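Worksheet for the structure shown next.
Quick caveat, the model's predicted, so the values are computed rather than measured.
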Amino acid sequence: MAEQKQVSKATAKQDNYAHWILKRLLILLVVTLVMLIIGLMIGYKLGGGNPFRVFLPSTWQHIFSFFH
């Protein structure tokens, strides 16, 4: 019975660690996405455009056609 409790505690610690890692990765992903959006808006504004035009599909079509 004591072994079962130790195994249960070890499994719980592993689950907590996995949740901690996943939470940190999710936070990192969200912060990265927000910084990317802010950077795109600043860059578009410095280029002389309206920063909200970054979100228009026509802007992205133009960018993708430039690379093809």
Side-chain angles (χ1 to χ4, degrees):
M1 191 85 152
E3 283 182 34
Q4 203 171 27
K5 286 184 181 181
Q6 284 180 334
V7 170
S8 177
K9 285 182 182 180
T11 304
K13 284 183 181 180
Q14 288 175 349
D15 287 344
N16 284 340
Y17 184 70
H19 284 119
W20 183 82
I21 292 290
L22 289 175
K23 187 193 300 186
R24 298 293 178 210
L25 286 174
L26 182 63
I27 290 170
L28 180 66
L29 180 66
V30 169
V31 168
T32 302
L33 185 62
V34 168
M35 296 302 286
L36 176 68
I37 291 170
I38 291 171
L40 285 170
M41 291 178 72
I42 290 171
Y44 209 83
K45 179 62 178 171
L46 291 175
N50 181 356
F52 292 103
R53 287 200 61 206
V54 166
F55 302 112
L56 294 177
S58 61
T59 302
W60 290 100
Q61 287 173 351
H62 177 71
I63 291 170
F64 289 136
S65 69
F66 179 72
F67 287 112
H68 285 170

Expected list for residues 18-39: side-chain donor-acceptor pairs under 3.5 angstrom, two or more places apart:
residue, atom, partner, partner atom, Å
H19, ND1, D15, O, 2.9
T32, OG1, L28, O, 2.7

Which pairs of donor and acceptor atoms, one on a side chain in residues 61-68, lie under 3.5 Å apart (sequence neighbours left out)?
residue, atom, partner, partner atom, Å
S65, OG, Q61, O, 3.2
S65, OG, H62, O, 2.9

Let me check something: any side-chain donor-acceptor pairs from residues 53-60 under 3.5 Å, sequence neighbours excluded? List them with distances.
residue, atom, partner, partner atom, Å
T59, OG1, R53, O, 2.7
W60, NE1, V54, O, 2.6

Query raised in the report: Do you know which two heavy atoms are closest between K45 and P51, and how far apart they sit?
Result: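 Of all heavy-atom pairs spanning K45 and P51, the closest is CD-CD, 3.9 Å.
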